[in-house]
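Since the model is a prediction, treat every value here as computed from it, not as a measurement.
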Amino acid sequence: MAAAEAEQNSYFVREIEKNDGCILKMKQCYKGDVGCVVWDAAIVLSKYLETKQLYDPASGVNTWANRYVLELGAGTGVVGLMAATLGAQVTVTDLEDLQTLLKVNIQENQAIIGSGSINAKVLKWGEDVSDFLPPPDYVLMADCIYYEQAVVPLVESLKQLAGPNTLVICCYEQRTVGINPKVERQFFELLQQDFKWEEVPLDKQDPEFSSPDIRILHIRRKF
């Protein structure tokens, strides 16, 4: 009982309503690193996944059905969980110390995952990615452009993972303070050597869950 109570007290829940009325219940940690909470960019990306040009069951549109989707730097797992509820076969990845939170949130939301699936695995950027190949159809990443020391390994992982048909969807908040502009610049300087990208305009994003300072990019490998 004490253990269950302690676990209950270590989490707080953020609810994200899907367009079909179902609720994603995301547990976040009171204490921990940046991966322990749901960031705005993760919500913006999650809601983008169910915009009508990508997911509109009434018109027979479902970009995600049976697609292999890999999320990098998943944190709480909200983006990957959204994709799984839309029918994707999802693997959410992050460091070892976030696996418990990912698995808790997968379990919490299992009831609203129909034809999709989701599992959590450890992936440290820059290290071997053979467990995640063949290349995914989609790589999703929200607010991963954050730590300066992570830029090189992140781009290296993207190079190893992205095949000719892989679409990387990257969502991040543009931050103008501290080291953030430098980190962002370094990321794109490195990325352009092997990738090309285009920005998703605001009118193609969720009308409520979007913001001028949160960008969504479609990124593809140059071959």
Do [X] and [Y] make a side-chain contact, defined as non-hydrogen atoms from C-beta onward lying under 4.5 Å apart?
{"X": "F187", "Y": "V155", "answer": "yes"}
{"X": "I106", "Y": "Q110", "answer": "yes"}
{"X": "V44", "Y": "D206", "answer": "no"}
{"X": "L70", "Y": "V92", "answer": "no"}
{"X": "K182", "Y": "Q186", "answer": "yes"}
{"X": "I118", "Y": "I113", "answer": "yes"}
{"X": "D194", "Y": "R221", "answer": "yes"}
{"X": "I219", "Y": "K196", "answer": "no"}

Reported [atom1]-to-[atom2] distance for the pair [X] and [Y], which is rounded to 0.5 angstrom:
{"X": "T91", "Y": "N119", "atom1": "OG1", "atom2": "CG", "result": "4.0 Å"}
{"X": "E156", "Y": "L161", "atom1": "CD", "atom2": "CG", "result": "10.0 Å"}
{"X": "W64", "Y": "S115", "atom1": "CH2", "atom2": "OG", "result": "14.0 Å"}
{"X": "I43", "Y": "R14", "atom1": "CD1", "atom2": "CZ", "result": "3.0 Å"}
{"X": "E148", "Y": "N180", "atom1": "CD", "atom2": "CG", "result": "10.5 Å"}
{"X": "K222", "Y": "K159", "atom1": "NZ", "atom2": "NZ", "result": "11.5 Å"}

Side-chain ([X]) to main-chain ([Y]) donor-acceptor, under 3.5 angstrom:
{"X": "T93", "Y": "E71", "result": "yes"}
{"X": "Q28", "Y": "V38", "result": "yes"}
{"X": "N105", "Y": "T76", "result": "yes"}
{"X": "K52", "Y": "S59", "result": "no"}
{"X": "Y11", "Y": "V104", "result": "no"}
{"X": "E50", "Y": "N19", "result": "yes"}
{"X": "Q174", "Y": "I214", "result": "no"}
{"X": "N62", "Y": "D56", "result": "no"}
{"X": "D94", "Y": "G75", "result": "yes"}
{"X": "T51", "Y": "Q205", "result": "no"}

I need the minimum non-hydrogen distance between [X] and [Y], along with the two atoms involved.
{"X": "L24", "Y": "N109", "answer": "CA-OD1, 3.4 Å"}
{"X": "L49", "Y": "L54", "answer": "O-CB, 3.7 Å"}
{"X": "C144", "Y": "W125", "answer": "CB-CH2, 3.7 Å"}
{"X": "I145", "Y": "E184", "answer": "CG2-CA, 3.9 Å"}
{"X": "L202", "Y": "S211", "answer": "CD2-O, 3.8 Å"}
{"X": "C171", "Y": "A41", "answer": "SG-O, 3.3 Å"}

Exercise for the section: State whether K25 and E108 are salt-bridged, where the test is any N-O pair (Lys NZ or Arg NE/NH1/NH2 against Asp/Glu carboxylate O) under 4.0 Å. Expected result: no
Is [X] linked to [Y] within one hydrophobic cluster, defined over Ile, Leu, Val, Met, Phe, Trp and Tyr using a side-chain heavy-atom separation of less than 4.5 Å?
{"X": "L133", "Y": "M141", "answer": "yes"}
{"X": "L95", "Y": "F132", "answer": "no"}
{"X": "V168", "Y": "V152", "answer": "yes"}
{"X": "L154", "Y": "W197", "answer": "yes"}

Exercise for the section: With side-chain contact (heavy atoms from CB on, under 4.5 Å) as the test, would you mind laying out the steps for Y138 and T63 before giving the verdict? Expected result: CA-CA 10 Å; Y138 295 91; T63 300; 3.0 Å; yes
Problem - Worked verdict on L167 versus H218 for side-chain contact (heavy atoms from CB on, under 4.5 Å) - result: CA-CA 7 Å; L167 177 62; H218 282 191; 3.7 Å; yes
Exercise for the section: Walk me through it: do L158 and V139 pass the test side-chain contact (heavy atoms from CB on, under 4.5 Å)? Expected result: CA-CA 8 Å; L158 289 173; V139 174; 4.1 Å; yes
Handout entry: side-chain contact (heavy atoms from CB on, under 4.5 Å) evaluation trace for Y48 with V200
Key = CA-CA 10 Å; Y48 172 66; V200 177; 3.7 Å; yes
Handout entry: Other residues, nucleotides, ligands: >12 heavy atoms within 6.0 Å of Q149 CD
Key = yes
Exercise for the section: Find out whether the Lys NZ or Arg CZ of K27 is both under 6.0 angstrom from the six-membered ring centre of F12 and within 45° of the ring's axis. Expected result: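 Here K27 fails the 6.0 Å and 45° test against F12.
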Exercise for the section: For residues Y172 and F188, establish whether the separation of their ring centroids is below 6.0 Å. Expected result: yes
